[in-house]
Number of protein chains: 2
Amino acid sequence: MALPQVSVGRPATIHDIAAVCGVAPSTVSRALSTPERVNIRTRERIQAAAVELNYTPNSQAKALSSGKTGAVGVLVPDITNPFYFDLIRGTQLQLKAAGYTQLLVDTEESDEVEASAIQQLRKSADGLIVGASRLTDEALLAASAAMPLVAINRDVPGVPAVIIDTPAATGQALDHLISLGHTRVAYISGPVSSQSNARRWDALSEAGKERGIDVVRLGPFAPKTQSGAAAADTAVHSGATACIVFNDLIAIGMLQRLRERGVRVPQDMSIVGCDDIFGADFCNPPLTTMSSPIEQAGRVAVTMLLAQLDPLRGGGTRTRSVMPTHLTVRASTTAAPAPMAPPAPRLHKPGPGPLTGGARP
Amino acid sequence: MALPQVSVGRPATIHDIAAVCGVAPSTVSRALSTPERVNIRTRERIQAAAVELNYTPNSQAKALSSGKTGAVGVLVPDITNPFYFDLIRGTQLQLKAAGYTQLLVDTEESDEVEASAIQQLRKSADGLIVGASRLTDEALLAASAAMPLVAINRDVPGVPAVIIDTPAATGQALDHLISLGHTRVAYISGPVSSQSNARRWDALSEAGKERGIDVVRLGPFAPKTQSGAAAADTAVHSGATACIVFNDLIAIGMLQRLRERGVRVPQDMSIVGCDDIFGADFCNPPLTTMSSPIEQAGRVAVTMLLAQLDPLRGGGTRTRSVMPTHLTVRASTTAAPAPMAPPAPRLHKPGPGPLTGGARP
DNA sequence: AATTCACTGACAACCGGTTGCCACAATGTG
DNA sequence: CACATTGTGGCAACCGGTTGTCAGTGAATT
């Protein structure tokens with residue numbers, strides 16, 4: 001049994017095969033890409049020679065002449081962020097399944113880097129998946145006009161997009177907190193350039209109005225665990241008994257800081273994260289969070305993009321897909337502290353466990 | 001001030017520029033890539049036109065004629081694994097800084113997929129970075145002969161490599177446990193196809209012999225948090241009071257399972273992980289682990305690869321780089337339970353918190 | 001037997017650059 | 001003033017495929 005092997009020497013080309021078989025290169029090309037166009041006998045000779053010589057088509061050359069690169073660019077603002085890991089995993093798996101190569105680019109949260117990456121990728125990719133674009137609506141629309149593109153978490157009319165509907169879960173999260181007796185709720189804001197952040201806040205403050213709860217907005221904070229310290233301090237100072245946090249990264253950072261400060265979570269302060277990233281289930285305490293099907297969003301984005309690339313198979317080309325989210329309740333939320341008592345730390349010894357006590361309206 | 005923008009319409013080529021400037025395409029090519037070869041006046045006319053037309057060179061065409069693709073393939077067994085996130089981040093950052101594009105490929109822990117990916121990438125990348133290769137030594141050597149390549153955590157004579165020296169930290173970890181009074185230590189094994197796993201075990205069992213401690217080997221287990229449950233059960237059954245675990249993923253899974261079973265960490269069982277991945281510092285309890293400079297390893301690998309690609313600048317081409325590691329002690333290790341008492345679960349209620357009690361020799 | 005037609009393979013242009021070589025002009029040298 | 005030298009730009013081949021077009025062959029049709 002042959003072990004997986006990599007051939008040595010100069011890679012074979014169709015010219016080599018043509019020479020071996022005594023035919024023209026064009027015939028070789030057809031034998032491999034349009035087999036029915038070539039007589040079965042020569043075809044089989046050619047195919048045998050191709051296997052023999054370990055022929056692999058040169059994707060550059062193929063791209064040059066056919067215009068198709070077989071690659072899809074995936075742009076994310078920050079590969080450092082676990083949220084995008086899940087997204088990248090989803091796109092990678094689905095692209096690979098479809099025979100495409102993924103070109104991963106980190107746009108460093110910069111609209112300029114993003115624009116130049118898109119410009120560059122216009123030639124070297126068949127399509128683009130743009131996560132949480134920092135471009136203006138106009139620029140994104142222009143990019144979408146220039147080449148097949150699917151945006152993720154970016155809602156611009158005319159641009160195909162996959163939207164993770166965290167704003168919807170926002171109402172669930174607030175209801176959850178209200179039912180636990182919380183009346184002073186803070187929203188820990190993410191970066192201002194993030195449209196997701198804006199949409200989440202809009203939905204949350206709207207939900208607050210409907211329910212007669214005043215939600216205060218704190219921040220903005222960078223979407224990193226390190227920002228959690230500042231966020232936690234601000235939250236404590238605000239007097240809120242519960243926080244809904246832009247994302248799990250900041251939330252996890254807050255958890256650590258609150259512990260350092262002796263503020264018990266969830267007894268003194270309830271925390272709701274967003275995204276349900278890797279780690280949200282095993283941090284301490286496990287985080288109540290709005291679960292997003294991130295990986296699935298990546299897959300759906302690829303499916304939508306491929307439908308654009310190949311309109312024949314694509315069936316009805318959907319241009320917008322909204323992914324549902326839901327609240328996952330773990331141990332970082334519980335009943336609000338007694339209404340009139342200050343939210344200051346009390347006994348400062350680990351409590352008997354989470355989820356004690358019921359709702360105190 | 002112009003906003004970042006993407007041009008519309010057909011991308012400009014050197015032929016367009018040549019037409020505008022009334023020169024030959026070859027002159028345009030030279031004006032842009034070998035400026036001193038062209039008269040300054042025409043050069044400037046051409047450069048102005050290039051900017052004007054928003055010219056971006058077609059990387060496919062450039063690759064075809066020059067043989068350089070400006071891309072580097074990065075192969076990892078499983079993008080799902082946070083360990084590789086750090087690696088990918090390191091390579092991405094460094095490649096980007098050097099003007100290269102990263103082609104990310106998931107080889108699905110399969111030697112066949114890996115070999116075919118390498119074969120494919122021979123044409124479309126200038127070099128390769130192969131994380132934790134599953135190939136045989138011979139196949140990897142052959143691949144390395146066929147194209148510039150740097151392996152990570154794979155030690156094959158003749159193949160340039162970056163080795164993260166976790167075996168060294170293994171001794172430190174064992175000393176740490178011994179000083180805490182542990183005498184029954186288990187090694188939770190990773191996948192058999194992983195050379196890192198073999199090297200870690202060899203170093204650990206050797207260190208055990210030197211110190212007169214018998215280390216038992218349990219497993220193998222897949223490197224996923226889910227495997228932690230089985231690993232935890234096996235470990236408890238083995239009677240060990242401390243485990244050194246193949247990687248943090250499994251270790252974190254064990255933490256969860258042990259909690260479910262009422263086995264307290266670290267009082268009843270100490271756990272040492274490996275890699276110090278994202279999450280190791282905020283899981284419950286925070287994990288004592290062997291910290292690896294993973295991101296830096298990725299960067300070093302890129303540097304070594306680029307030195308191979310461009311021997312002029314590379315200076316002394318190092319072919320092997322060993323990255324030091326160290327033990328990071330957090331809260332998942334403490335003194336061994338009383339020697340003769342069975343390690344069975346006791347009170348089965350959450351303990352007062354980590355880090356109680358001192359060493360009991 | 002003459003005509004038509006499907007089948008098959010070769011030729012050549014093209015994708016967008018790079019690069020070796022040559023021609024021509026301007027300048028320097030004897 | 002003749003000749004060598006240097007600076008510039010163009011021509012054309014090439015990288016490795018794809019694809020439109022055409023010619024030759026043999027079989028089917030009339």
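By convention in this document, chain letters (A, B, ...) are assigned in the order of the sequence lines, proteins followed by strands, and residues within each chain are numbered from 1.
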A:T69 and B:Q60: CA distance, side-chain angles, deciding distance, side-chain hydrogen bond (donor to acceptor under 3.5 Å, both in side chains) verdict: CA-CA 8 Å; A:T69 63; B:Q60 322 290 336; 5.2 Å; no

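- The base of C:dG20 sits within donor-acceptor range of the side chain of B:R30, with an N or O pair under 3.5 Å.
- Contact annotation: B:S65 side-chain N/O to C:dT19 OP1/OP2 distance is not under 4.0 Å.
- Put simply, B:S29 has a side-chain N or O that comes within less than 4.0 Å of OP1 or OP2 on C:dT18.
- If you check D:dG10, C:dG17, D:dT19 against the side chain of B:V23, the one that comes closest is D:dG10.
- Residues B:Q102 and B:K96 form no side-chain contact, since every pair of their non-hydrogen atoms from C-beta on lies 4.5 Å or further apart.
- Rounded to an integer number of Å, the gap from B:L32 CG to C:dT19 C1' is 15 Å.
- Of the N and O atoms on the side chains of B:S133 and B:E114, at least one donor lies less than 3.5 Å from an acceptor on the other residue.
- Residue B:K62 has its side chain nearest to C:dG17 when only C:dG17, D:dG17, D:dA12 are considered.
- Mapped onto DNA chain D by nearest heavy atom, B:V28 and B:L64 fall at different nucleotides, with B:V28 at the one closer to the 5' end.
- In this structure, CD of B:Q60 is placed 11 Å from P of C:dG17, rounded to the nearest angstrom.
- For B:V38, the listed nucleotide lying nearest its side chain is D:dG9; candidates were D:dG17, D:dG9, C:dT18.
- Within 3.5 Å, no donor on the side chain of B:R37 pairs with an acceptor on the base of D:dG7, nor the reverse.
- For the pair B:I14 and A:A24, nearest-nucleotide mapping onto DNA chain C gives the more 5' position to A:A24.
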Check against side-chain contact (heavy atoms from CB on, under 4.5 Å), A:R154 and A:S196: CA-CA 7 Å; A:R154 191 61 202 276; A:S196 300; over 6 Å; no

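- Put simply, NZ on B:K68 is 13 Å from C1' on D:dC15, counting in whole angstrom units.
- When the side-chain nitrogen and oxygen atoms of B:N39 are compared with OP1 and OP2 of D:dT8, one or more of them lie within a distance under 4.0 Å.
- A close approach under 4.0 Å does not occur between any side-chain nitrogen or oxygen of A:T13 and OP1 or OP2 of D:dG16.
- Of the candidates C:dG16, D:dG20, D:dG9, the closest approach to any side-chain atom of B:T27 belongs to D:dG9.
- Judged by distance alone, with hydrogens and angles left aside, B:S66 brings no side-chain donor or acceptor close enough to the base of D:dC15 to form a pair under 3.5 Å.
- Atom pair A:E36:CD and C:dT8:C1' shows a separation of 13 Å (rounding to whole Å applied).
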